[in-house]
Amino acid sequence: MSNEPSDEQRVWQVVALIPVGQISTYGEIAEMAGLGRGARLVGRIMSRLPQGTTLPWHRVINASGRISLPAGSAGYAEQRRRLEDEDVVFIKGRASLRRYRWRP
DNA sequence: GATATGACCGCAA
DNA sequence: TTTGCGGCCATAT
């Protein structure tokens, strides 16, 4: 039988490892999950997460340091609130923390 | 098969 | 710093 984890499974696994209060980007996640330049794939997978998931999806932002959800949307507000609850500071719409980088 | 779309990215100007 | 554009890759039509 195939125990091969799907791309979706690997992305979930990588996102789950992001430490509290730290952030990563779609591109970094794609790279770590072995998807190469599949940043858009990561974005698609994030958009399809089941409600009530325990995954720290809010710690994933784009390469510009900004939240990718439409500004003003409910999703944007929730992601920003969750990050601020973890002491991530926003300045002019950008997360002030240096983005989390994986340690090889 | 061709085209359009998306929680993206890097780079040039 | 911000914008625009090409590149990227899975899905939907």
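Letters A, B, ... are given to chains in the order of the sequence lines, protein chains preceding strands, and every chain is numbered from 1. The basis for the numbers below is simple: all heavy atoms, side chains too, and nothing from hydrogens, waters or symmetry mates.
- Candidate nucleotides dA7(B), dT11(C), dT1(C) were compared by shortest atom distance to the side chain of R94(A), and dT1(C) ranks first.
- Set against dA7(B), dG6(B), dT11(C), the side chain of R40(A) has dG6(B) as its closest nucleotide.
- Per the geometry, CD belonging to E31(A) stands 10 Å off P belonging to dG10(B), to the nearest Å.
- Atoms CD1 (I45(A)) and P (dT5(B)) sit 22 Å apart, rounded to a whole Å.
- Residues R10(A) and D7(A) are paired through a salt bridge, judged by an N-O separation under 4.0 Å between the basic side chain and the carboxylate.
- The side chain of A39(A) lies closest to dC9(B), out of dA10(C), dC9(B), dA7(B).
- Computed from coordinates, the R48(A) CZ to dC8(B) C1' distance equals 17 Å when rounded to whole Å.
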Evaluate the criterion side-chain contact (heavy atoms from CB on, under 4.5 Å) for residue pair W57(A) and E78(A); output intermediate values, then yes/no. CA-CA 11 Å; W57(A) 56 270; E78(A) 184 180 352; 3.8 Å; yes

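- The separation of dA7(B) from dT13(C), taken at their C1' atoms, amounts to 22 Å, rounded to a whole angstrom.
- In this structure, R37(A) places its CZ atom where only 12 or fewer heavy-atom neighbours from other residues, nucleotides or ligands lie under 6.0 Å away.
- G27(A) comes within 4.0 angstrom of the backbone, heavy atoms only, and of no base.
- Using a cutoff of 4.0 Å between basic side-chain nitrogens and carboxylate oxygens, R59(A) and E86(A) are scored as salt-bridged.
- Between L41(A) atom CG and dT11(C) atom C1' the separation is 10 Å, expressed in whole Å.
- For S68(A), whose side chain is taken as the heavy atoms from C-beta onward, the closest listed nucleotide among dT2(C), dA7(B), dC9(B) is dA7(B).
- Nearest to the side-chain atoms of Y26(A) among the listed nucleotides dG10(B), dT11(C), dC8(B) stands dC8(B).
- Look at CE on M46(A): it is 12 Å from P on dC9(B), rounded to the nearest Å.
- The interatomic distance linking R66(A) (CZ) with dG10(B) (P) rounds to 16 Å, in whole Å.
- Ion pairing between a basic and an acidic side chain is recognised when a charged N comes within 4.0 Å of a carboxylate O; E84(A) and R80(A) show such pairing.
- Rounded to whole Å, the distance from CD on E8(A) to C1' on dT11(C) is 13 Å.
- In this structure, the nucleotide among dC9(B), dA7(B), dA10(C) sitting nearest to the side chain of W57(A) is dA7(B).
- Straight-line distance from the CZ atom of R37(A) to the C1' atom of dC8(B): 13 Å, rounded to whole Å.
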